[in-house]
Amino acid sequence: MTVVAACGQPPKQHSGGNTAGAPRPERLRVEVVDVLPHDPEAFTQGLELVDDTLYEGTGLVGESTLRAGPLGGEPTTVVSLPAPLFGEGITVVDDRVWQLTWRDGIAIERDRTTLAELRRVHYEGEGWGLCHQDERDRLVMSDGTATLTFRDPDDFSVLGAVQVTDTGDPVVNLNELECVGDDVYANVWHTDDILRIDPDTGFVTARIDASDLLTPEEAADADVLNGIAALDGSDHFLVTGKLWPKMFTVRFVPTD
């Protein structure tokens, strides 16, 4: 995606983003635990694993979908977004799924079982990544900037926002998100980095190197790293990318 400022939008009110006492992020890397198949035609925008069901949102106008099925298997349920909608990040909240769109300003609420559309809610600006913090019962949303916006999971209203910084410097191009406990993990568009973020302060607490997962031959036909999903009850994550032929189960370990 290209970052384009939304003209005429009021400035966002930020909480956190304080650089005083900002920690130096841990340096981690991915350690591959398992390799799984992934649809090489899927322009992955969102990924989440809930109760052994893998949910994946894909993008591109006329090709955007939401899919659900067993981990490592073919999707059992697929719904398409009509043009001109461009699908983006997704997250599961109880018996519903929220799906963002890129520049359409529309969040689609769906039935978690059938993926049928329940309603549409409008928001300002772009939509990129989305995840749900269970204990705080709030959505965390990215828009391609350094800002994470907190939203009500019922009506999608804005609850607040925070600017993400790495030792004082804003980190832009925050993309697909995964909420794990008090942390938010974020892909950074056009990089092989995954960030671990403290959403209270906006501080980046770890920078994870996810490079070299694909062979040079595979990477030649693939797009950027995008897609991260935690495996509940473990320290494992799923990671993949747009048009990647593989998905990886990984652990985040210290850099040698």
#### Entry: CG/Asp34: more than 12 non-hydrogen atoms of other groups inside 6.0 Å
yes
### Message
Between Arg196 and Thr205, do the side chains contain a donor N or O and an acceptor N or O under 3.5 Å apart?
### Response
yes
### Query
Is any side-chain heavy atom of Val164 less than 4.5 Å from a side-chain heavy atom of Thr147?
no
### Query
Any donor and acceptor pair, going by atom type alone, linking the side chain of Thr165 with main-chain N or O of Val171 inside 3.5 Å?
no
### Any donor-acceptor N or O pair under 3.5 Å, side chains Asp137, His132
yes
### Message
Could you see if Ile197 belongs to whatever hydrophobic cluster contains Leu159? Use Ile, Leu, Val, Met, Phe, Trp, Tyr and a side-chain cutoff under 4.5 Å.
### Response
yes
### Task
Answer yes if Ile208 and Ile228 sit in the same cluster of Ile, Leu, Val, Met, Phe, Trp and Tyr residues linked by side chain heavy atoms under 4.5 Å apart, and no otherwise.
yes
### Task
Would you list the pairs meeting salt bridge (charged side-chain N to carboxylate O under 4.0 Å, His left out) in which at least one residue belongs to residues 40-62, sequence neighbours left out?
Asp51-Arg112
### Query
Just by modelled atom types, is the Lys242 backbone N or O under 3.5 Å from a matching donor or acceptor in the Thr44 side chain?
no
### Task
Looking only at non-hydrogen atoms, find the nearest pair between Leu100 and Gly129 and report the distance.
CD1-O, 3.5 Å
### Query
Can any side-chain N or O of Glu176 pair as donor or acceptor with the backbone N or O of Gly89 at less than 3.5 Å?
no
### Message
I want to check something: taking the side chain as every heavy atom from C-beta on, are Val97 and Thr91 in contact at a cut-off of under 4.5 Å?
### Response
no
### Over all atoms of both residues, closest heavy-atom pair of Asp200 and Asp198
N-OD1, 2.9 Å
### Query
Any donor and acceptor pair, going by atom type alone, linking the side chain of Ser142 with main-chain N or O of Gly144 inside 3.5 Å?
no
### Message
Give me the atom names and distance for the closest heavy-atom approach of Glu178 to Ala230.
### Response
OE2-N, 2.8 Å
### Task
Check the pair Val33, Arg251 against side chain to side chain contact (heavy atoms under 4.5 Å, CB included), reporting the backbone distance first and the verdict last.
CA-CA 7 Å; Val33 176; Arg251 295 172 57 237; 3.8 Å; yes
### Message
Is the shortest side-chain heavy-atom distance between Asp223 and Phe43 below 4.5 Å?
### Response
yes
### Query
Between Thr167 and Arg24, is there a donor-acceptor pair closer than 3.5 Å when you use the side chain of the first and the backbone of the second?
no
### Task
Is it possible for you to say whether Val50 and Val79 belong to one hydrophobic cluster, with membership spreading through side-chain heavy-atom contacts below 4.5 Å?
yes
### Query
What is the distance from atom OG1 of Thr58 to atom CG of Leu66, rounded to the nearest 0.5 Å?
8.5 Å
### salt_bridge(Arg96, Asp154) N-O dist < 4.0 Å
yes
### Exam field: side chain Gln163 to backbone Ala146, donor-acceptor pair closer than 3.5 Å
no
### Message
Please check this pair: side chain of Thr65 against backbone of Val78, looking for a donor-acceptor N/O pair closer than 3.5 Å.
### Response
no
### Message
With a 4.5 Å cut-off on side-chain heavy atoms, are Leu28 and Ile194 touching?
### Response
no
### Query
What closest approach, in Å, do Val184 and Cys131 show between heavy atoms, and which atom pair accounts for it?
CG1-SG, 4.3 Å
### Which atom of Pro82 lies closest to which atom of Arg120, heavy atoms considered
CG-NH2, 4.2 Å
### Task
For residues 221-256, pull every pair meeting disulfide (SG to SG under 2.5 Å), keeping only residues two or more places apart or in separate chains.
none
### Task
Side-chain contact test, heavy atoms from C-beta onward, threshold under 4.5 Å: evaluate it for Thr113 versus Asp95 and give yes or no.
no
### Query
Stepwise, does the salt bridge (charged side-chain N to carboxylate O under 4.0 Å, His left out) test hold for Arg67 with Asp39?
CA-CA 11 Å; Arg67 312 168 180 198; Asp39 180 1; 2.9 Å; yes
### Query
Under 4.5 Å between side-chain heavy atoms, hopping through other hydrophobics if needed: is there a path connecting Leu214 to Val30?
yes
### Spatial distance of atom CG (Asn175) from atom CG (Leu177) [nearest 0.5 Å]
8.0 Å
### Query
For the side chain of Asp104 and the backbone of Ile106, is there at least one donor-acceptor N/O pair under 3.5 Å apart?
no
### Query
Can you tell me how far CG of Asp183 sits from CG of Leu195, rounded to the nearest 0.5 angstrom?
12.0 Å
### Query
Do Leu81 and Val121 share a hydrophobic cluster (ILVMFWY, side-chain heavy atoms under 4.5 Å, transitive)?
no
### Task
Could you tell me whether a side-chain N or O of Thr101 sits under 3.5 Å from a main-chain N or O of Leu85, the two making a donor and an acceptor?
no
### Stepwise side chain to side chain contact (heavy atoms under 4.5 Å, CB included) check, Thr114 with Thr77
CA-CA 7 Å; Thr114 65; Thr77 308; 5.8 Å; no
### Flag side-chain contact, heavy atom, 4.5 Å: Cys179 against Val140
yes
### Task
Identify, with sequence neighbours excluded, every residue that meets ring-ring contact (aromatic ring centres under 6.0 Å, His included) alongside Phe156.
Trp98, Tyr123
### Summary
Value for CG (Asn187) from CG (Asp192), rounded to nearest 0.5 Å, stands at 9.5 Å
### Message
Under a 4.0 Å threshold between the charged nitrogen and the carboxylate oxygen, would Arg207 count as salt-bridged to Asp166?
### Response
yes
### Query
When clusters are formed from ILVMFWY side-chain contacts under 4.5 Å, directly or step by step, what else is grouped with Leu47?
Leu36, Leu49, Leu54, Leu71, Leu231, Leu238, Met247
## Note on the structure
When every non-hydrogen atom of Leu225 is compared with those of Thr240, the smallest separation belongs to CD1-O, 3.5 Å
### Message
Please report the interatomic distance CG(Leu115) to OH(Tyr55), rounded to the nearest 0.5 Å.
### Response
7.0 Å
### Query
Hey, mind stepping through Thr255 and Asp209 against side chain to side chain contact (heavy atoms under 4.5 Å, CB included) and telling me if it holds?
CA-CA 8 Å; Thr255 300; Asp209 180 3; 5.6 Å; no
#### Entry: Set of ring-ring contact (aromatic ring centres under 6.0 Å, His included) partners for Phe237, sequence neighbours left out
Tyr185, Phe252
### Short side-chain to backbone donor-acceptor contact, His38 and Trp244, under 3.5 Å
yes
## Note on the structure
Rounded to the nearest 0.5 angstrom, the CD-CZ distance for Gln133 and Arg138 is 4.5 Å
### Message
Suppose clustering is done on Ile, Leu, Val, Met, Phe, Trp and Tyr with side-chain heavy atoms closer than 4.5 Å. Which residues sit in the same group as Val172?
### Response
none
